[in-house]
Amino acid sequence: MFSRILKTLVVATLVFGCAQLASARTFITIGSGSTTGLYYPTAVGMAKIVNEAGIDIRANARSTGGSVFNDRAVGAGQLQMGVSQNNVAYYAYNGSGVEAFKDKPIENLRGVAVLYPETIQVLARKDADIDSLDDMKGKRVYVGDIGSGTEQDVKNLFGAFDMSIDDLKAPVRGSAGSAVGLLRDGQIDAMFYTVGLGASAITEAAQTAPIELVSISPEKIEALNAKYPFYTQIDIPEGTYPDMGAATAVTLKAMLVTSSELPEEAIYQFMNTVFNENKDAFYNDIQNPNLKKYFTLDSALEGMSIPLHKGAVKFFKEQGIEIKDSQMPPS
Ligand code: GLU
C-alpha cells in the first residue's frame, strides 16, 4: 500500500514537473536561406548556442528561399524567427514595394537586431562580355531563389537601368549553390547574389570558373538610393575573392526578425544568450566572418527598418542602447 502511494507520488511529480517544463519552453525555428549562403550558418550557429545554454528555448534552423519567404512564414506563424534583408522586412511590414506583400502588410513582423551588411554581388563569366547590367539583355542570368531577397534586388536594380527581368533571354531561379555550378559550366552568363562579402559560394565560383565582379556606377547607385533608401554604395576591395578585382556595388543590411506573438521573455532570453552571454561563440564559432567584423550592440539598430519586438526593447534598454521612437513596437 505504502509503496503504491509512493509510486503514485513519484509519477505525479514527474508528470507535473514535465508539464511545467513543457509549458515554459519556447520552440523557435529560424528561417534562413540556401545552405551555400551566410543566413544558413548564422541561423544554425545561433540555434546551437541557444540549445547549449540550458535555457527554456529549443531552437533549430531551416534552409529556405530567403528573405521574402522568411518574412511571410514568420508572419503566418510557420517560423518563429527568420533572417531577412532590412529592405525586404520594411516592404513586408508596410505591405508595399514587393509584389508578394502588396496590400498584405505583415503587421505582426518585429525586429530583433541588425546583424551585418550584405552586398548585391553581380558575377559574370569573363567570356560573356558583360561590363554593365545593360549588357545582360538577351543573356541567361540567375536572378535568385524563389522567395529570395536577391530577386527583389535584381528587379530594383534593373529598374534603374530601364530594363526588367523580361529583357533577359532566360531568368534562372533555384538555389544559389546550383547557380554557381551553372556559371562554372557556362550554362548561365551571369548571376546575382545578395549575400555577405566573403560567402564561400562566391569564393568557390571564383576558384573554379573564369568570372569577374560587375560594377554598378556610382550615379546609378545614387539614383537607386533616392528611390530605395536602404541601398547605399560599397566598394568591394580587390582580393575579396581569389583572382577578382575591385568593384562598386550596392549594400544593405541583414537582420533578424520575429513575430509579435512570441513571448517577450523568450526573445529577451534568446538575445541575452546569443548577443551577450555567449558573444564569443557568436563571433568565433558561427561560420560567418561578417559577424565578428561588423556586429556590435551599438550598431544593431542601424538600419532597423521595422518596429522592435518587446523582448528586444527590454534587451537593448538593459544594454544601455538608445532606441528611437520610430523603432518602438506599436502599443
Ligand atoms: N540575402 C539573401 C536573400 O534574402 C540570402 C543570403 C544568404 O543566404 O546569406 O535572399
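We count ligands from 1, going down the list as the structure has it; atoms in each ligand are counted the same way. The analysis underlying the following values was restricted to heavy atoms, covering all of them including side chains, and did not include hydrogens, waters or symmetry mates.
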Ionic contact status for Arg140 with Asp189, cut-off 4.0 Å: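 A salt bridge is present here (some side-chain N lies under 4.0 Å from a carboxylate O).
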
Electrostatic pair Lys253-Glu118, nearest N-O below 4.0 angstrom: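 Looking at Lys253 and Glu118, the cut-off is not met.
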
Geometric cation-pi criterion, Lys293 with Tyr116: 6.0 Å, 45°: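 The answer is no; the distance or angle limit is not met.
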
Return the residue, atom name and 0.1 Å-rounded distance of the protein heavy atom closest to [atom].
| atom | value |
| --- | --- |
| atom 10 (O) of ligand 1 | Gly149 N, 2.8 Å |
| atom 4 (O) of ligand 1 | Ser67 OG, 2.5 Å |
| atom 2 (C) of ligand 1 | Thr194 O, 3.1 Å |
| atom 5 (C) of ligand 1 | Tyr39 CE2, 3.5 Å |
| atom 9 (O) of ligand 1 | Leu38 N, 2.6 Å |

Heteroatom distance test (Gln85, ligand 1): nitrogen or oxygen, under 3.5 angstrom: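 Yes; at least one N/O pair falls below 3.5 Å.
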
Polar contact flag for Glu118 and ligand 1 (N/O pairs, less than 3.5 Å):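 Right, the criterion is met.
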
Distance filter under 4.0 Å to Ser148 heavy atoms, resulting ligand 1 atoms: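 With Ser148 as reference, the close atoms of ligand 1 come out as 10 (O).
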
Point-to-point distance, once rounded to the nearest 0.5 Å, from CD of Glu318 to CZ of Phe315: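 If we round to the nearest 0.5 Å, Glu318:CD and Phe315:CZ are 7.5 Å apart.
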
Residues which pass side-chain contact (heavy atoms from CB on, under 4.5 Å) with Asp235, listed by chain and number, not counting sequence neighbours: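 For Asp235, the residues satisfying side-chain contact (heavy atoms from CB on, under 4.5 Å) (neighbours in sequence not counted) are Gln233, Thr248.
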
All side-chain contact (heavy atoms from CB on, under 4.5 Å) counterparts of Pro329, not counting sequence neighbours: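 By the side-chain contact (heavy atoms from CB on, under 4.5 Å) rule, Pro329 matches Arg110, Lys310, Val313.
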
Whether Phe230 and Tyr90 hold their rings parallel, tilted or perpendicular, with breakpoints at 30° and 60°: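 Phe230 vs Tyr90 ring planes: tilted.
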
Residue portion contacting ligand 1 (non-hydrogen atoms closer than 4.0 Å) for Glu151: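 Near ligand 1, Glu151 shows nothing, with every heavy atom at 4.0 Å or more.
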
